[in-house]
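Everything quoted here is computed from the prediction, not taken from an experiment. Lettering follows sequence order; numbering is per chain, from 1.
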Amino acid sequence: MVRTRFAPSPTGYLHVGGLRTALYAYLFAKQNQGQLILRIEDTDQERRVEGAIEKIIEALKWAGLEPDEGPHKGGDYGPYIQSERIELYKKYADELLERDHAYPCFCTKERLDELNRIQKMQNKPPGYDGKCRSLSREEAEQRIAAGESYVIRQKIPENREIIVNDIIRGQVSFETDLLDDQILMKSDGFPTYHLANIVDDHLMEISHVIRGEEWLPSTPKNILLYEFLGWEAPKFAHLPLLLNRDRSKLSKRQGDVAVSDYRDKGYLKDALINFLALLGWNPGTNQEIFSRKELIREFSLEKVGKSGSVFDLEKLDWMNGIYIREMDLDELYQHVEDRIASEIDWSEEELKQIVGLLQESLTKLNDINSKGIIFFKENLQLEKDAEKMLQSKETVKVLKGFIDKLSELDALDRNIFVNIARQVQKETGIKGKQLWMSIRVGITGQTHGPEIHKTAEILGKEKCLERMQEALANA
RNA sequence: GGAGCAUUCGUCUAGUGGUUAGGACACCGGCCUCUCACGCCGGCAGCAGGGGUUCGACUCCCCUAUGCUCUACCA
């Protein structure tokens with residue numbers, strides 16, 4: 001049974017890099033009829049942020065990556081929040097202590113800082129010097145009984161080579177002599193990531209650990225822990241990182257990183273997912289657009305690349321536009337409805353027509369307002385080029401003719417509109433661009449926009465007349 | 001400082017000894033067209049450098065360079 005997990009720490013919002021990790025874990029699990037588990041790694045009480053868990057769950061839900069088990073929906077392997085599993089970690093820390101694969105360490109923060117400072121100064125590799133490693137059990141117990149503050153450290157064996165068999169990277173080997181005696185239990189009684197992660201992955205029967213590349217260097221310590229506890233280690237897959245434009249690790253400083261930022265800006269979840277899926281993975285074909293189903297079917301960890309990928313907004317924009325254009329009108333309208341800020345009261349029917357007209361030009365859902373300004377603003381600002389056009393007497397002639405004809409009619413639709421234009425053409429002899437542009441500018445104040453006969457139809461007779469008259473007044 | 005990982009067009013990538021190095025975004029040009037957008041067609045642009053191995057290297061090996069990650073009582 002394939003069981004993957006997404007294990008964020010609740011320090012704020014869900015990061016797009018985290019979403020990609022969750023996506024890969026999800027795709028891999030679903031493809032193998034397995035489960036995705038959400039586990040909250042909140043063993044650092046100081047970094048805990050109120051409401052972060054809810055935000056993460058909500059973001060995953062929005063993206064359609066619903067975990068099969070997690071703090072919000074339970075499961076047979078709970079609890080799914082590490083701070084609720086403290087006794088478990090304690091139990092296994094004691095076991096490690098018992099087997100002499102861990103030891104209590106009484107070194108103070110001050111001593112450690114000083115040690116580190118000296119090591120840095122001498123240009124030596126920083127790390128714990130093993131002072132408490134050889135303490136006798138008796139002495140340790142005495143000091144503990146005396147109430148001295150201590151941590152529990154992993155006793156890394158000397159002179160061993162640990163081989164990490166990574167699905168994406170192949171065999172990676174590490175010398176244990178270069179590994180630090182990692183802290184397993186902190187003095188506050190909470191475990192560190194190193195212990196909690198191993199205990200939980202084992203107890204939750206995780207088969208594949210899919211996580212970011214930053215964890216690769218700590219994997220040998222993980223493997224040792226599995227060995228010392230007598231457990232079988234899961235399979236590992238370390239994903240390449242997501243990068244800023246300058247190729248540094250994707251960060252807040254250089255743009256949006258929260259999933260909710262992208263949602264708020266009007267990116268569609270399917271587009272974001274599609275884009276993220278392709279950032280680091282590629283099935284080897286030329287296909288760019290993938291449905292969720294196809295993603296589940298085609299995804300494979302073996303085809304995930306090894307090098308970091310720049311998060312390229314331009315391509316996301318393009319892809320989002322594709323998804324917007326592929327949507328049917330009712331669905332698009334639902335997505336866009338709440339984002340419309342109109343000064344003019346349109347009926348739902350009319351708004352739908354407007355959205356339909358604008359659909360092909362949208363990149364993000366939010367673009368609806370800038371693209372639809374001619375429908376939503378009461379007083380239109382004249383564009384520079386438009387102003388220039390209004391100076392010409394041909395434009396004035398066209399508008400006057402058009403107004404005359406239009407005011408005699410009861411209503412306007414696109415066919416009538418075209419007919420009027422043709423009549424004006426006959427009477428004035430003005431045609432082509434000169435004719436149509438004059439009308440466009442008269443109605444919208446802009447030299448570009450959606451097809452003018454459709455625009456005019458939605459705007460209706462009165463608005464068109466009003467605007468043309470106003471334009472003439474400004475001419 | 002050390003360890004690990006990485007390195008194909010500006011960006012995302014295909015490519016596993018013999019290819020005119022393929023696709024996509026962006027960019028440029030054309031078509032469509034009242035304009036914009038969409039769409040279609042075309043173009044520009046890349047194997048980090050140096051040594052090997054080989055009849056032949058983007059592909060295999062070594063070195064260098066560069067970038068990134070880790071090196072916390074953070075995950």
Once you apply a heavy-atom cut-off of 4.0 Å, does [X] come out as touching a base, just sugar-phosphate, or nothing?
X        : value
A:Ser173 : sugar-phosphate
A:Phe275 : nothing
A:Gly284 : sugar-phosphate
A:Lys303 : sugar-phosphate
A:Gly280 : sugar-phosphate

Decide, yes or no, whether a salt bridge links [X] with [Y] under the criterion of side-chain N to carboxylate O below 4.0 Å.
X        : Y        : answer
A:Asp181 : A:Lys155 : no
A:Asp166 : A:Lys235 : no
A:Asp42  : A:Arg47  : no
A:Glu175 : A:Arg160 : no
A:Asp180 : A:Lys221 : no

Next item on the list: Establish, from distance only, whether the side-chain atoms of A:Glu41 and A:Gln82 form a donor-acceptor pair under 3.5 Å.
Entry: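 Side-chain D/A pair, A:Glu41 to A:Gln82: present.
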
Check: Under 3.5 Å, is there a donor-acceptor pair between the A:Lys405 and A:Gln423 side chains?
Finding: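 No pair is found: no donor N or O on one side chain lies under 3.5 Å from an acceptor on the other.
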
For [N] and [M], measure between their [atom1] atoms and round to the nearest Å.
N      : M      : atom1 : value
B:rU59 : B:rU53 : P     : 15 Å
B:rG22 : B:rG43 : P     : 11 Å
B:rC40 : B:rC32 : C1'   : 8 Å
B:rA37 : B:rG4  : C1'   : 49 Å
B:rG50 : B:rA57 : P     : 13 Å
B:rG23 : B:rC9  : P     : 16 Å
B:rU71 : B:rC55 : C1'   : 48 Å

Margin query: Judged by each residue's nearest nucleotide on RNA chain B, which is more toward the 5′ side, A:Arg153 or A:Glu213?
Written below: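 The residue whose closest nucleotide sits nearer the 5' end is A:Glu213.
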
Expressed in angstrom and rounded to an integer, what is the separation of [X] atom [atom1] from [N] atom [atom2]?
X        : N      : atom1 : atom2 : value
A:Arg111 : B:rC73 : CZ    : P     : 12 Å
A:Glu175 : B:rC5  : CD    : P     : 12 Å
A:Asp385 : B:rU35 : CG    : C1'   : 11 Å
A:Ile289 : B:rC12 : CD1   : P     : 18 Å
A:Ile156 : B:rU71 : CD1   : P     : 14 Å
A:Ile374 : B:rU35 : CD1   : C1'   : 11 Å
A:Leu38  : B:rA75 : CG    : P     : 17 Å
A:Glu214 : B:rC70 : CD    : C1'   : 9 Å

Next item on the list: Flag the pair A:His202 / A:Tyr226 as yes when their ring centroid distance falls below 6.0 Å, and as no otherwise.
Entry: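 So the answer is no for these two rings.
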
Note to self: Taking the ring of A:Tyr24 and the ring of A:Phe299, is the distance between their centroids below 6.0 Å?
What the structure shows: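 Ring centroids of A:Phe299 and A:Tyr24 are less than 6.0 Å from each other.
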
Across all strands, who's sitting opposite [N] as a Watson-Crick or G-U wobble pair, both distances under 3.5 Å?
N      : result
B:rG42 : B:rC28
B:rC36 : none
B:rC58 : none
B:rA65 : B:rU7
B:rA75 : none
B:rU16 : none
B:rC70 : B:rG2

Checklist line | Residues from residues 423-438 of chain A lying under 4.0 Å of RNA chain B - heavy atoms | finding: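 Hits under 4.0 Å, by residue number: A:Lys433, A:Trp436, A:Met437.
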
Next item on the list: Enumerate the residues from residues 42-50 of chain A whose closest heavy atom to RNA chain B is under 4.0 Å, giving them by residue number; use none for an empty result.
Entry: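 Residues of residues 42-50 of chain A that come under 4.0 Å of RNA chain B are, in numerical order, A:Thr43, A:Asp44, A:Arg47.
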
Of the nucleotides [options], which has the atom closest to the [X] side chain?
X        : options                : value
A:Leu178 : B:rG2, B:rU35, B:rC70  : B:rG2
A:Arg440 : B:rC34, B:rA72, B:rC38 : B:rC34
A:Glu451 : B:rC74, B:rA72, B:rU35 : B:rU35
A:Ser309 : B:rA6, B:rC12, B:rG2   : B:rC12
A:Arg247 : B:rU7, B:rU11, B:rC73  : B:rU11
A:Leu241 : B:rA6, B:rC68, B:rC73  : B:rC68
A:Leu216 : B:rC73, B:rG4, B:rA75  : B:rG4
A:Trp215 : B:rA75, B:rU7, B:rG4   : B:rA75
A:Val151 : B:rA6, B:rC73, B:rC68  : B:rC73
A:Arg169 : B:rC12, B:rA75, B:rC5  : B:rC5

Return the [atom1] to [atom2] distance between [X] and [Y], rounded to the nearest 0.5 Å.
X        : Y        : atom1 : atom2 : result
A:His101 : A:Gln154 : NE2   : CD    : 9.5 Å
A:Thr444 : A:Met468 : OG1   : CE    : 10.5 Å
A:Leu216 : A:Leu239 : CG    : CG    : 11.5 Å

Checklist line | Residue of the set A:Ile452, A:Ile354, A:Ile443 for which side chain to side chain contact (heavy atoms under 4.5 Å, CB included) holds with A:Leu459 | finding: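 Result for side chain to side chain contact (heavy atoms under 4.5 Å, CB included) with A:Leu459: A:Ile443.
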
Check: Are any non-hydrogen side-chain atoms of A:Phe106 and A:Arg111 less than 4.5 angstrom apart?
Finding: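 They are not in contact (no side-chain heavy atoms under 4.5 Å apart), so the answer is no.
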
Margin query: Can you say whether a donor on the side chain of A:Ser187 sits under 3.5 Å from an acceptor on the base of B:rC73, or the other way round?
Written below: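 Side chain to base: pair found, below 3.5 Å.
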
Check: Distance under 6.0 Å and angle within 45° of the ring axis: does A:Arg153 meet both against A:Tyr128?
Finding: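 Judged by the rule (NZ or CZ under 6.0 Å from the ring centre, within 45° of its axis), A:Arg153 counts as positioned above A:Tyr128.
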
Notebook entry, point to check: Counting only side-chain N and O atoms of A:Lys186, is one of them less than 4.0 Å from OP1 or OP2 of B:rC74?
Noted result: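 Checking A:Lys186 against B:rC74: at least one side-chain N or O falls below 4.0 Å of OP1 or OP2.
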
Check: Where along nucleotides 20-27 of chain B does protein come under 4.0 Å, by heavy atom, of base (B) or sugar-phosphate alone (S), with - for untouched nucleotides?
Finding: ---BBSS-

Next item on the list: Mind telling me whether A:Trp436 and A:Phe417 have parallel, tilted or perpendicular rings, with 30° and 60° as the class edges?
Entry: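 Tilted, since the angle between the ring planes falls between 30° and 60°.
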
